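Bear in mind that the values here come from a model prediction, so they are computed numbers and not experimental data.
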Amino acid sequence: MRSAHLSRPIRSVPAPVAARAADPVLLVAHGSRDPRAAAATRALVRAVRAARPGVPVSASWLDHTAPGPTEALRALAVAGQHRAVLVPLLLTAAYHRRVDVPAAVAAVRAAEPGFAVRVTDVLGPVGAEVDPALLAALRRRLVEADPGRFDALVLAAAGTRDARARGSVGRVAAALGRELEVPVRVSYASAAPPAVGAAVARLRAQGARRIVVSAYFLAPGLFHDAVTAAARDAGAAAVSAPLTDAPELAGLVLRRVDALRTGPDRRGNPAPAVPLAAAARIDAA
């Protein structure tokens, strides 16, 4: 296989010329009782600010941590802002993107009718596209886990009952497997099989000898802890850390913001996206 490699760190992501006077950007995370999750979101806020100085960036959470997105958006309106861009820190467009985020935006629009809110795509695949920055962030975390050479990979995600969302996870796994030239299986920490231990066992039964797990999580918490323990029990050589504030992830946040400004046919992506084409080497069943 080809060894995983890092892309160059994203030091600064220039805004489109027409967007120099930037609207405030509000990142909206899932939320967790684990304080490490909120700390990871705040770290990403700092990374986004560093990648594009001068853009006001703040954080909110759908659950467990304050402020919520409605509260944070209303605070911007009270402070005299007229517009904001909301970025869902989600890896799939499942329930939270389809229900919770629109509900929060509707609430602020009702309370502040003169305040405009635009919502970006999630950070995971958009339709048929897997953004190269997302793959680069996953590769970075794999290299940091120091796995050395490996002959198979498990992409471990949180899990969802939404079949379309699971399909998007499969597209990420397929794209990552193509880049690293290894067979890949998907696993889920909840809501859907297989669990990470079963995925590792299946790859081992198919002849893999050194298997690593790529954590498809934005922040640490219960799910990542459980995946790490189960993967090690199953004999995985390494488990990567969550994406947290990877520079490529900060760049992806800004590319999602820029896509709103450049229009549907000019998404602001400096690199081509990975196509949907199914990879023969992934088995997510």
| field | Reported OG-to-CD distance for the pair Ser168 and Glu129, which is rounded to 0.5 angstrom | value | 13.0 Å

| request: For the residue pair Asp100 and Asp63, establish whether any side-chain heavy-atom pair is separated by less than 4.5 Å. | output: no

| Heavy atoms, side chains only, cut-off 4.5 Å: are Arg140 and Pro247 in contact? | yes

| query | Cluster question for you: counting only ILVMFWY and a side-chain heavy-atom cut-off of under 4.5 Å, with indirect links fine, are Val119 and Leu62 together? | reply | yes

| remark: Heavy-atom nearest pair, Ser32 first then Ala37, reads CB-CB, 3.6 Å

| query | Taking all atoms of both residues into account, what is the closest heavy-atom pair of Ala165 and Thr160, and its distance? | reply | CB-CG2, 3.6 Å

| Above 12 or not: heavy atoms from other molecules or residues under 6.0 Å from CZ of Arg204? | yes

| field | With sequence neighbours excluded, residues passing side-chain hydrogen bond (donor to acceptor under 3.5 Å, both in side chains) with Thr120 | value | none

| Is there a side-chain contact between Glu179 and Leu135 (heavy atoms, below 4.5 Å)? | yes

| Main-chain N/O of Leu243 paired to Arg141 side chain as donor or acceptor, under 3.5 Å | yes

| message | Between Val28 and Val87, is the side chain to side chain contact (heavy atoms under 4.5 Å, CB included) condition met? List the steps. | response | CA-CA 6 Å; Val28 183; Val87 182; over 6 Å; no

| remark: Residue pairs meeting salt bridge (charged side-chain N to carboxylate O under 4.0 Å, His left out), one or both in residues 28-47, sequence neighbours left out, come to Asp34-Arg36, Arg36-Asp225

| Can you check whether Arg161's main-chain N or O pairs, donor with acceptor, with Arg166's side chain at less than 3.5 Å? | yes

| task | State whether Asp258 and Arg118 are salt-bridged, where the test is any N-O pair (Lys NZ or Arg NE/NH1/NH2 against Asp/Glu carboxylate O) under 4.0 Å. | result | no

| field | Smallest separation among heavy atoms of Val186 and Gly170, with atom names | value | CG2-CA, 4.1 Å

Name every donor-acceptor pair, under 3.5 Å, that has one atom in a side chain of residues 101-112 and the other anywhere in the protein, sequence neighbours excluded.
from, atom 1, to, atom 2, distance (Å)
Arg109, NH2, Val117, O, 2.4
Glu112, OE2, Arg74, NE, 3.4
Glu112, OE2, Arg74, NH2, 3.4

| Shortest non-hydrogen contact from Gly159 toward Ala191 | C-CB, 4.0 Å

| query | Under the side chain to side chain contact (heavy atoms under 4.5 Å, CB included) criterion, do Leu252 and Arg256 qualify, and how do the steps go? | reply | CA-CA 6 Å; Leu252 177 54; Arg256 290 291 189 251; 3.9 Å; yes

| message | How long is the straight-line distance from CG of Leu86 back to CG of Leu27, given to the nearest 0.5 Å? | response | 8.5 Å

| field | Pair Arg97 + Asp121, salt bridge at N-O below 4.0 Å | value | no

| Is Leu138 close to Val172 at the side-chain level, that is, under 4.5 Å between some pair of heavy atoms? | yes

| said: With heavy-atom distances below 4.5 Å as the criterion, would you say the side chains of Leu176 and Arg139 are in contact? | reply: yes

| Same apolar cluster: Val239 and Val184, side chain cutoff 4.5 Å | no

| query | When rounded to the nearest 0.5 angstrom, what distance separates CZ in Arg171 from OG1 in Thr92? | reply | 10.5 Å

| request: Specify the closest pair of heavy atoms between Pro69 and Trp61, including all atoms of both residues, with the distance to one decimal. | output: CD-O, 3.3 Å

| field | Val130-Leu123 co-clustered via ILVMFWY side chain contacts under 4.5 Å | value | yes

| Mind checking whether Val213 and Leu142 sit in one hydrophobic cluster, side chains of I, L, V, M, F, W, Y counted as touching below 4.5 Å? | no

| query | Do Val253 and Leu89 come close enough that some side-chain heavy atom pair is under 4.5 Å? | reply | yes

| query | Short question: side chain of Arg202, backbone of Arg185 - any donor-acceptor pair under 3.5 Å? | reply | no

| said: Within the structure provided, determine whether Leu91 and Leu134 are in side-chain contact (heavy-atom separation under 4.5 Å). | reply: yes

| said: What verdict does the side chain to side chain contact (heavy atoms under 4.5 Å, CB included) test give for Phe115 and Leu76, after you've listed the backbone C-alpha separation in whole Å, the side-chain angles of each residue and the deciding distance to 0.1 Å? | reply: CA-CA 9 Å; Phe115 187 74; Leu76 290 172; 4.0 Å; yes

| query | Counting distance only, does the side-chain N/O of Ser240 pair as donor-acceptor with the main-chain N or O of Ala215 below 3.5 Å? | reply | yes

| query | Of the non-hydrogen atoms in Ala234 and Gly197, which two are nearest, and what is the gap between them? | reply | CB-CA, 3.8 Å

| Hey, what do you get for OH (Tyr188) to OH (Tyr216), rounding to the nearest 0.5 Å? | 10.0 Å

| query | Do side-chain atoms of Asp151 reach the backbone of Arg209 as a donor and acceptor pair under 3.5 angstrom? | reply | yes

| request: Answer yes if Val45 and Leu218 sit in the same cluster of Ile, Leu, Val, Met, Phe, Trp and Tyr residues linked by side chain heavy atoms under 4.5 Å apart, and no otherwise. | output: yes

| message | Parallel, tilted or perpendicular, judged at 30° and 60°: which one describes the rings of Phe217 and His224? | response | perpendicular

| Given Ile211 and Leu153, is the side chain to side chain contact (heavy atoms under 4.5 Å, CB included) satisfied, shown in steps? | CA-CA 6 Å; Ile211 303 161; Leu153 177 74; over 6 Å; no

| field | Test item: Val55 and Val48 side chains (from C-beta on) under 4.5 Å apart, heavy atoms | value | no

